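Presented below is the structure to which this report refers.
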Amino acid sequence: MTAFLVVLVIILFGVAIGQLSKMLRLSQSDQSETSEVASDKDNNKQGYYMLAFVFFIYGLLIYCFWEWSDVLLPVAASEHGLETDQLFLVTWILIFVTGIFTQWLLHYFAFAYRGSKEKKALFYAENHKLEFIWTIIPVVVLAGLIIYGLFTWSDIMSFDDDDDPLVIELYAYQFDWRARYSGDDNTLGEANVRLIEGVNQLGVDISDPNAQDDKVVNELHIPIGRKVLFKMRSQDVLHSAYMPHFRAQMNCVPGMVTQFAFTPNMTTEDMRLEEDVITKVENINVLRTEKNIVLAAKGEEALEMYEFDFLLLCNKICGSNHFNMQMKIVVETEDEYNAWISEQAPLAVTLKN
């Protein structure tokens, strides 16, 4: 490795000396026809290169959308997700329209006003009207986007107790998740990491009356059409609760409680019927089938066939097993949710056992 770095330094030093020698030659007053100063032929060639390059950019953009449009955001499975997707769409349209227009002007002007011995550059000191226009337009557009974003964020983050949200705690630790349901009183009991002991993984204060009916699970179930308020804690390091299909993400910070609320508008079964999801599942299972042939030849255990599920992921690099920190989310009807939650044992019972 040291030898490689020495060789690299020598090469770079040689390049630097070469460039310095060119600069010295250009600084000399006597310039012949073979000088490295650009000629009209050079300027014409560079002008056409610039024009060709802008068409290359447009072609590359079209190809990227054609080839990889299937890896854009999945269908939104929450009510506020429709709002954020609309905000994304408006922002992207403005960015692409502006980018395409300004790229064309940049490259076309480089072509149309390329250097020539027959032309003389015009010294244009100032134009207040022009400067006002190209300043005020970005200011208005950016201010509009910021205000639009703030109103969208305010709508997402504000909720009323009259909405009767289902209160659930998401508890993050290296490298897993636990969910704590607030029971029939819909009020979470107090908790503190200092109370973590044995099966009490979340440090719930069992002496708190509100904690008696809390239920701790390792699979998240939520009913469709009801607002869910997530209270988030972290046991150790900074984690981030990320639910991409619900357009939800919030940091889980040690020593404090953060929160995020949303209303799911699609069940897991509904999402499994989406055309994009069906295609994704089929493609993954084709790859797993091919992999299983290789594993079978080695006498190793085969991979299970993939079935779509909503997932709670960690979106912070929180350690060596960060990639595997996830929890299954099931969105179901109210009746299915009630049947499931009734089967879960209250924390008071769990701790006694």
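Predicted model only: the values in this text are computed from it and were never measured. For this chain, numbers begin at 1 and follow the sequence in order.
- Of the inter-residue distances, the one linking S78 atom OG with I224 atom CD1 reads 11.5 Å to the nearest 0.5 angstrom.
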> Does the pair Y58 and Y63 meet the rule for a ring pair (Phe, Tyr, Trp, His ring centres under 6.0 Å), with working shown?
Replying inline: CA-CA 9 Å; Y58 293 160; Y63 173 77; over 10 Å; no
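- Using a cutoff of 4.0 Å between basic side-chain nitrogens and carboxylate oxygens, D176 and R178 are scored as salt-bridged.
- Looking only at atom types and distance, the side chain of D276 has no donor-acceptor partner in the side chain of T279 under 3.5 Å away.
- Within the structure, the side-chain hydrogen bond (donor to acceptor under 3.5 Å, both in side chains) test picks out the following pairs touching residues 322-343 (sequence neighbours left out): H221-E332, H221-W340, T333-E336.
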>> Between Q344 and Y181, is the side chain to side chain donor-acceptor pair (under 3.5 Å) condition met? List the steps.
In response: CA-CA 10 Å; Q344 310 308 311; Y181 287 78; over 6 Å; no
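- Proximity of Y173 to Q201: side-chain heavy atoms (C-beta onward) are separated by under 4.5 Å at one or more points.
- Taking a cutoff of 4.0 Å between a charged side-chain nitrogen and a carboxylate oxygen, R272 and D309 qualify as a salt bridge.
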>> H239 vs F175, test: ring pair (Phe, Tyr, Trp, His ring centres under 6.0 Å). Steps then yes/no.
In response: CA-CA 10 Å; H239 299 279; F175 298 94; 7.4 Å; no
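- In summary, of the residues considered (L188, N210, L229), a side-chain contact (heavy atoms from CB on, under 4.5 Å) with S182 occurs for L188 alone.
- Atom CG of L347 and atom CD1 of I206 lie 4.5 Å apart (nearest 0.5 Å).
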> Stepwise, does the ring pair (Phe, Tyr, Trp, His ring centres under 6.0 Å) test hold for F111 with W104?
Replying inline: CA-CA 10 Å; F111 166 76; W104 170 254; 9.0 Å; no
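- Donor-acceptor pairing under 3.5 Å is recorded for the side chains of Q249 and N315.
- Taken from CG in N292 to CD in E301, the straight-line distance is 9.5 Å, to the nearest 0.5 Å.
- Contact of the E169 side chain with the R233 side chain is registered, since non-hydrogen atoms from C-beta on lie closer than 4.5 Å.
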> Do T187 and D185 pass the side chain to side chain donor-acceptor pair (under 3.5 Å) test, and can you show the C-alpha distance, the side-chain angles, and the key distance before you say yes or no?
Replying inline: CA-CA 5 Å; T187 303; D185 58 4; 4.7 Å; no
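- Residues I329 and E219 form no side-chain contact, since every pair of their non-hydrogen atoms from C-beta on lies 4.5 Å or further apart.
- The aromatic rings of F310 and F308 sit perpendicular to each other, their planes meeting at more than 60°, with 30° as the lower class boundary.
- Note: F230 and F262 meet the aromatic proximity criterion, with ring centroids under 6.0 Å apart.
- Across all non-hydrogen atoms, the minimal contact from V193 to Y171 is CG1-OH, 4.2 Å.
- Under 3.5 Å, the side chains of R114 and N44 contain a donor-acceptor pair of N or O atoms.
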